[in-house]
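Along the sequence shown, residues carry numbers from 1. Values reported hereafter were calculated over all heavy atoms of this structure, with side chains retained and with hydrogens, waters and symmetry mates removed.
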Amino acid sequence: MKDKTLSRVLKILFKRKFVLLLAIISSILQVVATLLIPIVVADGIDYLIGFQDVNFNKLQQVIIYVGILGLVQAVFGYLMQYLMAYVTNDTVKKLRDALFVKLDNLPISYIDSHQEGDILLRLIGDADQLGDGLLQALTNLISGIITIVLTLTFMLIVSYQVGLIVICLTPLSLLTAYFIAKMSYKTFRIQAQIKGKLSGHYNEMFNMLKIVKTYNYEKQALEKEKEINQDLYQVGVKAQFLSALVNPATRIINNLVYASVGIYGAFRAIASLITTGDLTVFLSYAQSYTKPFNDISQVMTELQNSLASARRIFEVIDEKEFSYEVKERLENITGQVEFRDVAFSYVSDKPLIKNFNLLVKPNSKIAVVGPTGAGKTTIINLLMRFYDVNKGKILIDGKNIYELDPKNLRENIGMVLQDTWTFKGSIYENIGYALPNASKEEIITAATEAYADSFIRRLKNGYDTILDNNCNLSEGQRQLLCIARVMLKKPPILILDEATSNIDTRTEVLVQRAFNKLMEGRTSFVIAHRLKTIIDADMIIVLNKGEIVEMGNHQDLLKKGGFYKEIYEAQFLQIEA
């Protein structure tokens, strides 16, 4: 997986081949300028012939050349850094965009089965880690490799004997860095997984802080955090220990290279085979040659960490997407819905919906009731195609929803959930979320029909009020805004999943009237626990353990004296007593 991850990252990088080529050319020019400086300086040293015997004219030329080479080195060094930053940021941007699109196309089952914090860490933290590691790796690897190659070339030109000494000792440094980096990769991969687990725990605790405090769960939450954090600490210490080994291990070998070159050059100088300036060139090149090995070995551990993060990103990108084959579209539908021999289970060995058959006529109001876990919300999830059936078909106007574009399917269905959802933006934007091209007049009309207009106008900025943590709206008021969205959309099929549960009794009466108006001429599914809200339904479906146990209107079901009557009496008769 490591090699595959690296090759995939490189494949994305190479989409910017031209920019990479410019960066490499800039790095080559920078390194050439760097390597020419010791040669020029060596000539300058040789112009210092002896006491009061200095060739100042030549020395002046040396100073000018060194200044020009230093300027070239600085300009192309900056250009290389800039181009590398551009490539890495572009790569991270592409990966983050691809990951976001992928999450948008993954089935709801994937989101439900993974911690939100872990997903967010992959989208933000892992992407940032990859970007930081890539920037360091590209900059140090490319400049380092170019420095090593060119320095060795210059060494062989100046003295092939020195070059051979360096070539013989180089593999020791490479092998040492390779084996330590290989061990550290596994550790960094485990570290990234534990980070995702810890992020998921933090996310859960912050989102459920009221629940945590209500049940005095702080101690248990802290103990779990300490346990995960301890695991992260242990694997982090191991990862840093392994990564810290690389630099000193390679530095010992590189110092050996430097010492060997120095000793050999010193003997050559003593024998008058080379000048003092030549000796400084050898030592300078030995240092220039060994330094990149230290830099590369240090950045290799950061690269392993980045590859571990990239691996987590690719794990999501490689997930099987929500697939569909578009053959037909819903146009001017009447709203007839049919469930035909439907079977479904969230877990393969625990069937939930079994042999479910239901024909809903157009423009009818269908109520779905039953105990918790009976499968009420699951029926809606299947109709919205948040989950796919294991067996059977779901038809709208005779068309199989599995042959429709899911977007087209959901365009024709409006849904109001028990849990409210608003985002940071104006009330105009929040209501208009359902219909982006809606005019302000249409939005105000929808809010009025949802009985939200009066409280909106009492706000300081009215419809321009920004909804955020500082906006003190009740859950009921936020629910009215969610209802207004559906009022604006006016879909042919309507789903209300306990939509009035967070609204006070007086407002519920008003909203129920609005819903009754909205449901006129539309097929409506109402999931309800409070039976008083569905007494006027055309048909009430009573579910228990994933099967329809009773069907009929309110009066007929009461006369049957079955399961529905038991639920009804539990809610009303016992309360009255």
*To the nearest 0.5 angstrom, please state how far the CE atom of Met487 sits from the CG atom of Leu480.*
9.5 Å
*So, Gln477 side chain and Ala452 main chain: donor-acceptor pair closer than 3.5 Å or not?*
no
*When you measure from the side chain of Lys102 to the backbone N and O of Glu319, does any donor-acceptor pair fall under 3.5 Å?*
yes
*Check for a donor-acceptor pair, side chain of Arg122 on one end and backbone N or O of Arg312 on the other, with a separation under 3.5 Å.*
yes
*Going from CE on Met384 to CG on Asp497, what distance comes out if it is rounded to the nearest 0.5 angstrom?*
11.0 Å
*Ala484 to Ala447 - nearest heavy-atom pair and separation*: CB-CA, 4.0 Å
_Closest approach of Ile194 to Asp231 (non-hydrogen atoms, all atoms of both residues)_ = CD1-O, 3.9 Å
*If we only count heavy atoms from C-beta on, is the Met80 to Ile142 side-chain gap below 4.5 Å?*
no
*In Å, rounded to the nearest 0.5 Å, how long is the span from CG of Asn544 to NZ of Lys376?*
9.5 Å
*Quick one: are the ring centres of Phe356 and Phe344 less than 6.0 Å apart?*
no
*Is there a side-chain contact between Lys393 and Glu338 (heavy atoms, below 4.5 Å)?*
no
_Within a 6.0 Å radius of atom OH on Tyr346, are there more than 12 heavy atoms belonging to other residues, nucleotides or ligands?_
yes
_Set out, in order, the CA-CA distance, both residues' side-chain angles and the distance that settles side-chain contact (heavy atoms from CB on, under 4.5 Å) for Ile333 and Ile493, then state yes or no._
CA-CA 9 Å; Ile333 66 173; Ile493 299 176; 4.0 Å; yes
*Can you tell if the side chain of Leu382 reaches within under 4.5 Å of the side chain of Val342, non-hydrogen atoms only?*
yes
*Locate the shortest heavy-atom distance separating Thr139 from Gln81; write the atom from each residue and the value.*
CG2-NE2, 3.3 Å
*Are Val19 and Asp90 close enough that some pair of their side-chain heavy atoms sits under 4.5 Å apart?*
no
*Per the side-chain contact (heavy atoms from CB on, under 4.5 Å) rule, which among Ile413, Thr523, Asn412, Val486 passes with Pro491?*
Val486
_Evaluation steps, side-chain contact (heavy atoms from CB on, under 4.5 Å), between Phe339 and Ile353_ = CA-CA 11 Å; Phe339 292 80; Ile353 304 295; over 6 Å; no
*Could you tell me whether the side chain of Asn381 and the main chain of Phe386 form a donor-acceptor pair under 3.5 Å?*
no
_salt bridge (Lys or Arg N to Asp or Glu O under 4.0 Å) between Asp128 and Arg96, intermediate numbers included_ = CA-CA 9 Å; Asp128 287 341; Arg96 188 177 275 135; 2.8 Å; yes
*asked:* With a sphere of 6.0 Å drawn around NZ of Lys391, does it hold more than 12 non-hydrogen atoms of other residues, nucleotides or ligands?
replied: no
*Tell me, do Val87 and Leu83 make a side-chain contact under 4.5 Å, heavy atoms counted?*
no
*Yes or no on salt bridge (Lys or Arg N to Asp or Glu O under 4.0 Å) for Asp318 and Arg8, after CA distance, side-chain angles and deciding distance?*
CA-CA 12 Å; Asp318 292 339; Arg8 292 177 70 174; 2.7 Å; yes
*From CG (Asp453) to CD1 (Ile443), nearest 0.5 Å*: 12.5 Å
*Should Ile396 and Leu383 count as side-chain neighbours, where that means a heavy-atom distance under 4.5 Å?*
yes
*Given side chains that start at C-beta, do those of Asn229 and Leu232 come closer than 4.5 Å, heavy atoms only?*
yes
*Going by atom types alone, do Asp341 and Asn357 pair a side-chain donor with an acceptor below 3.5 Å?*
yes
_Please check if the number of heavy atoms outside Asn332 that lie under 6.0 Å from its CG is greater than 12._
no
*Do Leu359 and Gln336 have side chains that get closer than 4.5 Å, going by heavy atoms?*
yes
*So, the side chain of Asp405 versus the backbone of Lys407: is there a donor-acceptor pair under 3.5 Å, distance only?*
yes
*May I have the step-by-step check of side-chain contact (heavy atoms from CB on, under 4.5 Å) for Arg385 and Leu404, ending in yes or no?*
CA-CA 10 Å; Arg385 209 182 166 190; Leu404 299 172; over 6 Å; no
*Determine whether the side chains of Thr378 and Tyr387 contain a donor N or O and an acceptor N or O closer than 3.5 Å.*
no
_Flag if over 12 foreign heavy atoms under 6.0 Å of CZ, Phe423_ = yes
*Is the backbone of Thr465 close enough, under 3.5 Å, to the side chain of Ser426 for a donor and an acceptor to pair up by distance?*
no
*Starting at CG of Asp126, measure out to CD of Glu315 and round the result to the nearest 0.5 Å.*
9.5 Å
*asked:* Under 6.0 Å from the ring centre and within 45 degrees of the ring axis: does the NZ or CZ of Arg16 meet both conditions for the six-membered ring of Tyr86?
replied: no
*What do the steps show when you test Asn390 against Ser345 for side-chain contact (heavy atoms from CB on, under 4.5 Å), and what is the final call?*
CA-CA 7 Å; Asn390 302 133; Ser345 63; 3.4 Å; yes
*For the residue pair Ala98 and Ile317, what are the closest heavy atoms and their distance?*
CB-CD1, 4.3 Å
*Locate the shortest heavy-atom distance separating Ser364 from Val360; write the atom from each residue and the value.*
OG-CG1, 3.4 Å
_Tyr564 backbone acceptor or donor facing Glu550 side chain under 3.5 Å_ = yes
*asked:* I'd like to know if the side chain of Tyr568 reaches the main chain of His554, judged simply by a donor and an acceptor atom lying under 3.5 Å from each other, with no hydrogens or angles considered.
replied: no
*So with a 6.0 Å cut-off around OH of Tyr433, is the heavy-atom count from everything else above 12?*
no
*asked:* Within this structure, what is the OG1-NZ distance for the pair Thr91 and Lys11, rounded to the nearest 0.5 Å?
replied: 13.5 Å
_Taking every non-hydrogen atom, the tightest pair across Gly432 and Leu488_ = CA-CD2, 3.8 Å
